[in-house]
Amino acid sequence: MPELPEVERVRRTLLPAMLGASFDRVVLNRPDLRRPFPAGFVRRLRGQRVQTLTRRGKYLLAVLSSGDFLVIHLGMSGWLRVERTATLHGRPRDPAADLERRHDHVVFKMSTGLTVTFNDPRRFGVMDLMDAGRPPLGTLGPEPLSRAFDARALAGRVANRRVSLKVALLDQRIVAGIGNIYASEALHLARLSPFRAAATVATRAGAPRPGAERLTAAIKAVLRRAIGLGGSDRYRGARFRVYDREGEPCATDGCRGVIARIVQAGRSTFYCPVCQR
DNA sequence: ATTGAGACCTGTCGGC
DNA sequence: TGCCGACAGGTCTCAA
């Protein structure tokens, strides 16, 4: 589920439950996610008030009244849901819901009376208390929707990089928050081939090449649109331009191409061999 | 210093 | 129907 637009949607869902509220109870249903929870995790959260709830790339960041930073990454399959009441007993059996609750790994009971539950079947997510200036947070590239991320910034960051453009977009140090879906989407909108060496959109004669302008604009457009649609998952939001559309006709005006799927760095790339150059 | 491959997990889907 | 492999929205580590 989660790339930048989906994480942003989760953040907005969480605001009414968590912002300005404190942790009344914290329950860990297992000792680890991708990594163990840090020592004293429950104790350090309990009673703390959430002062800010922001997003950096694909990370959610809560600054607590104690000064601690609660950091949450949703991994591949993580999400957070907000519920009004604890649903512990007296409910009719619902096999589908029971199955899902098997992966409720962390529960926050907030002073708003709302419960926030972290669910993550694959357990690639991370929850930690850490310094915002430290890696990986400190090594993230610019926020793609910020002013600071423009053609010049992108060009500077891909200079001398021999990896393909697609793989470069997945590197969170170059730009933060893009994942496998929106990398393919942005390249298609920008009509740039995923195979190109990243450095081919770098600076020449002191100015970013045209590809860098198109690509930054496409990244912003694709992400803004997805945020506007509430992100994407199986059941809602985005109709993708190319992602998961192998064999379908290309959506670019006047293009007769057919969407292809290939693998780069172990991940699927969807693209149009005709209009992406 | 970069880069690719493999590891970490569970679930789902399509083919036989 | 059941079994099996391929694949899934992300990092992280390790060897070349």
Looking only at heavy atoms, which two atoms of [X] and [Y] are closest? And how far apart?
X	Y	answer
A/Met130	A/Val71	CG-CG2, 3.6 Å
A/Asn119	A/Glu100	ND2-O, 2.9 Å
A/Pro142	A/Phe149	CG-CD1, 3.8 Å

Given atom [atom1] of [X] and atom [atom2] of [N], what is their separation to the nearest angstrom?
X	N	atom1	atom2	answer
A/Asn160	B/dT3	CG	P	10 Å
A/Glu100	B/dT10	CD	P	17 Å
A/Asp120	B/dC9	CG	C1'	9 Å
A/Ile262	B/dG4	CD1	P	12 Å
A/Arg9	C/dG9	CZ	P	18 Å
A/Ile174	B/dT3	CD1	C1'	13 Å
A/Leu223	C/dG9	CG	P	16 Å
A/Leu74	C/dA8	CG	C1'	16 Å

Under 4.0 Å between a side-chain N/O of [X] and OP1 or OP2 of [N], yes or no?
X	N	answer
A/Arg123	B/dT10	yes
A/Tyr243	C/dG9	yes
A/Ser268	C/dA8	yes
A/His103	B/dG11	yes
A/Arg102	B/dG11	yes

- Item | Among C/dC7, C/dG9, B/dG11, the nucleotide that comes nearest once only the side chain of A/Arg261 is considered | C/dC7

For [Y], is there an ion pair with [X] - N to carboxylate O distance below 4.0 angstrom?
X	Y	answer
A/Arg11	A/Glu8	yes
A/Asp171	A/Arg157	no
A/Asp98	A/Arg101	yes
A/Lys58	A/Glu3	no

- Item | A/Asp120 and A/Ser77: side chain donor to acceptor below 3.5 Å | yes

- Message: For A/Ser65 and A/Gln48, which I'm curious about, is there any donor-acceptor pair between the side chains at under 3.5 Å?
- Response: yes

- Read 5' to 3' with Watson-Crick or G-U pairs under 3.5 Å, [ ] for crossing pairs and | for partners on another strand, DNA chain B gives .|||||||.|||||||

- Message: Can you check the distance between B/dC9 and C/dC3, where both ends of the measurement are the P atom (answer in whole Å)?
- Response: 25 Å

- Task: Taking atom C1' in both C/dG9 and B/dT3, compute the distance separating them and give it to the nearest angstrom.
- Result: 23 Å

- Task: Scan residues 251-277 of chain A for pairs that pass ring pair (Phe, Tyr, Trp, His ring centres under 6.0 Å), counting only residues two or more places apart or in two chains.
- Result: A/Phe195-A/Tyr271, A/Tyr243-A/Phe270

Nucleotide N/O of nucleotides 10-12 of chain C paired with protein N/O under 3.5 Å:
residue, atom, partner, partner atom, Å
C/dG10, OP1, A/Lys58, NZ, 2.8
C/dG10, OP2, A/Asn180, N, 3.0
C/dG10, OP2, A/Arg267, NH1, 3.4
C/dG10, OP2, A/Arg267, NH2, 2.9
C/dG10, O3', A/His73, NE2, 3.4
C/dT11, OP1, A/His73, NE2, 2.8
C/dT11, OP2, A/Lys58, NZ, 2.4
C/dT11, O3', A/Arg34, NH2, 3.0
C/dC12, OP1, A/Arg34, NH2, 2.5

